[in-house]
Number of protein chains: 2
Amino acid sequence: MRIGELAARAGTTTRTLRYYESRGLLSARRAQNGYRSYDEGDLRLLRQIRTLQDFGFDLEETRPFVECLRAGHPQGDTCPASLDVYRRKLAELDALIGDLRAVRAEIGVRLASAGGEEPLCELEGPKL
Amino acid sequence: MRIGELAARAGTTTRTLRYYESRGLLSARRAQNGYRSYDEGDLRLLRQIRTLQDFGFDLEETRPFVECLRAGHPQGDTCPASLDVYRRKLAELDALIGDLRAVRAEIGVRLASAGGEEPLCELEGPKL
DNA sequence: TGTTGCCCTGACGTCGGCGTCAAGGACTAC
DNA sequence: GTAGTCCTTGACGCCGACGTCAGGGCAACA
């Protein structure tokens with residue numbers, strides 16, 4: 001399949017695929033006319049990348065998963081390097097969520113003491 | 001006081017102060033030699049901005065607080081526009097935290113089913 | 001008088017993940 | 001043959017909040 005079809009099937013753009021290729025994440029064979037040519041395996045790689053991106057992984061963090069798939073594993077997350085990324089991400093997320101909850105609490109306090117008319121559990125915005 | 005002292009007292013840089021000025025958030029009188037001149041009120045404005053930035057507010061979101069202080073209010077968050085920003089931020093944070101918790105849960109599941117040796121409550125990284 | 005240390009403006013660089021445009025080649029349908 | 005759609009590479013644009021550099025002025029002290 002050509003780049004346009006692959007992009008469409010993965011719900012992304014040709015620009016994105018060329019960008020991934022420039023980053024060394026996705027490679028392509030070439031047809032005689034110079035067009036990139038992909039197969040179902042490439043689609044699986046691409047879907048792995050996109051899923052992780054949707055989770056908030058940056059591109060570099062997806063690399064171990066891609067290499068794991070390229071190495072022939074049926075899942076990208078069965079290799080040790082991928083599991084390490086998962087674990088680091090969990091720690092990152094826990095820290096981030098903790099920070100955000102602290103900020104949320106602080107803003108709640110400030111809102112209550114400054115505007116003080118809405119209870120803290122009122123999260124749907126002002127009643128207006 | 002001059003820009004270097006103000007920056008030091010607020011724990012930031014002169015570049016940052018000039019940037020805020022370019023965005024219309026912080027104004028400065030000028031001495032005869034052209035140097036920017038600030039007073040304690042400017043320090044309070046700047047600290048208000050920095051506190052909100054630390055909370056994750058973007059610069060535009062700090063504007064109502066700054067204008068509230070400029071209008072003579074002792075606190076930047078007592079004006080209606082500031083309270084609106086607080087409320088929007090709470091909603092944003094709740095949504096974001098919810099998303100992050102969902103991602104965290106999903107990664108936890110994937111880690112458990114792929115590498116399955118660490119219990120879900122193990123958040124301190126691999127035992128090695 | 002020279003040296004240091006602050007200040008000035010203007011402008012380009014940074015980061016990530018692409019969007020968008022330009023100029024052209026390839027292929028299909030009619 | 002020509003219109004239309006796909007593909008190619010290369011390169012600049014974007015966002016936010018500044019960092020960093022260039023080239024120069026002002027002030028104080030030895």
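Chain letters run A, B, ... following the sequence lines, proteins first and then strands; every chain starts at 1. The structure presented is a predicted model; accordingly, all values stated were derived computationally and were not measured.
- Distance check, rounded to the nearest 0.5 Å: CZ of B:Arg36 to CZ of B:Arg2 gives 13.0 Å.
- Taken together through direct or relayed side-chain contacts under 4.5 Å among Ile, Leu, Val, Met, Phe, Trp and Tyr, A:Leu52 and A:Leu43 form parts of separate hydrophobic clusters.
- Just one residue in the list B:Val66, B:Thr16, B:Leu17 forms a side chain to side chain contact (heavy atoms under 4.5 Å, CB included) with B:Leu26, and that residue is B:Leu17.
- Once you apply a 4.0 Å limit to the heavy atoms of chain B, the touched nucleotides of DNA chain D run 5' to 3' over D:dA17 to D:dA27.
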The test is side chain to side chain contact (heavy atoms under 4.5 Å, CB included); show your working for A:Arg110 and B:Phe55 and say whether it passes. CA-CA 12 Å; A:Arg110 287 170 183 241; B:Phe55 284 173; 3.9 Å; yes
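- A:Arg29 is linked by a salt bridge (charged side-chain N to carboxylate O under 4.0 Å, His left out) to A:Asp39, A:Asp42, counting only residues two or more places apart in sequence or in another chain.
- In this structure, the CE atom of B:Met1 is 12 Å from the P atom of C:dC7, given to the nearest Å.
- Proximity of a side-chain donor or acceptor of B:Thr14 to a complementary backbone N or O of B:Ile3 within less than 3.5 Å is not detected.
- Over its full length, the helix from C:dT1-D:dA30 to C:dC30-D:dG1 turns its helical axis through 30°, comparing axes from the five pairs at each end and rounding to 10°.
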Counting primed atoms, P, OP1 and OP2 as sugar-phosphate and everything else as base, the B/S/- map of nucleotides 10-17 of chain C against protein heavy atoms under 4.0 Å is -B-----B
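- Listed by first and then second residue, the side chain to side chain donor-acceptor pair (under 3.5 Å) pairs that reach into residues 61-70 of chain A are A:Glu60-A:Arg63, A:Glu61-A:Lys89, sequence neighbours excluded.
- One atom, CD1 of B:Ile3, and another, C1' of C:dT9, lie 12 Å apart when rounded to the nearest Å.
- The two residues A:Ala28 and A:Tyr38 come nearest to each other via the heavy atoms CB-CE2, 3.6 Å.
- Residue contacts shown for A:Arg23 are absent, as no nucleic acid heavy atom lies under 4.0 Å away.
- A side-chain donor-acceptor contact under 3.5 Å links B:Ser82 to the backbone of B:Gly76.
- Within the model, atoms OH of B:Tyr19 and OG1 of B:Thr12 stand 12.0 Å from one another, a figure rounded to the nearest 0.5 Å.
- Of the inter-residue distances, the one linking B:Arg87 atom CZ with B:Leu90 atom CG reads 9.0 Å to the nearest 0.5 angstrom.
- Within the model, atoms OH of A:Tyr86 and CZ of A:Phe57 stand 6.5 Å from one another, a figure rounded to the nearest 0.5 Å.
- Contact detail for B:Gln75 and B:Cys68: the closest heavy-atom pair is O-SG, 3.6 Å.
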Summary of protein contacts for nucleotides 25-30 of chain C, nucleotide by nucleotide, where a base hit scores B, a sugar-phosphate-only hit scores S (4.0 Å, heavy atoms): BBS---
